Amino acid sequence: MLGNVQLLIFLLLAVIMFALEVWALVDAATRPAPAFVAADKRTKNFWLALTGAAAAIGFIAIPPPLGLGLMGGFLQFVAVVPAAVYLADVRPAVRGYRPPRQGRGW
């Protein structure tokens, strides 16, 4: 009984971490590339690679019956760190980006 509860809690945490990783990846993909440079937060490709790798590891590490359960739980906790950094630091900085105007529009 206790083992089933522990498995359910770990499965729930794994799904939540994977959802955060996917959210960070999708958000990074939808932001314009100049926003990252303007906010002085590396490049869009850097964040896409980092959050993409985190989402891939998070997906592979989800325990059965929903996932493969490969690579153990420790790597899943490590993989959520770049996604959390993106969501907490980079996303607020690039969210307010406004492209510069071309001309005066008179």
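Along the sequence shown, residues carry numbers from 1. In this text the structure is predicted, and so the values were computed from the model without any measurement.
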Exam field: side chain Lys44 to backbone Arg31, donor-acceptor pair closer than 3.5 Å
yes
How close do [X] and [Y] get, heavy atom to heavy atom, and via which atoms?
| X | Y | answer |
| --- | --- | --- |
| Ala28 | Thr51 | CB-OG1, 4.4 Å |
| Pro82 | Val78 | CD-O, 3.4 Å |
| Val94 | Ala35 | CG1-O, 3.6 Å |
| Leu20 | Ala83 | O-CB, 4.1 Å |

Ile9 and its side-chain contact (heavy atoms from CB on, under 4.5 Å) partner, picked from Leu13, Leu12, Leu11, Leu7:
Leu13
Is the closest side-chain heavy-atom distance between [X] and [Y] below 4.5 Å?
| X | Y | value |
| --- | --- | --- |
| Trp47 | Val85 | yes |
| Asp89 | Lys41 | yes |
| Val80 | Gln76 | no |

Quick one: do [X] and [Y] end up in the same hydrophobic cluster if we chain Ile, Leu, Val, Met, Phe, Trp and Tyr together by side-chain heavy atoms under 4.5 Å apart?
| X | Y | answer |
| --- | --- | --- |
| Val15 | Val22 | yes |
| Ile60 | Leu75 | yes |
| Met17 | Phe10 | yes |
| Val81 | Phe46 | yes |

Rounded to the nearest 0.5 Å, how far apart are CD of Glu21 and CG of Leu50?
10.5 Å
Working for side-chain contact (heavy atoms from CB on, under 4.5 Å), residues Tyr86 and Leu48
CA-CA 10 Å; Tyr86 175 83; Leu48 284 175; over 6 Å; no
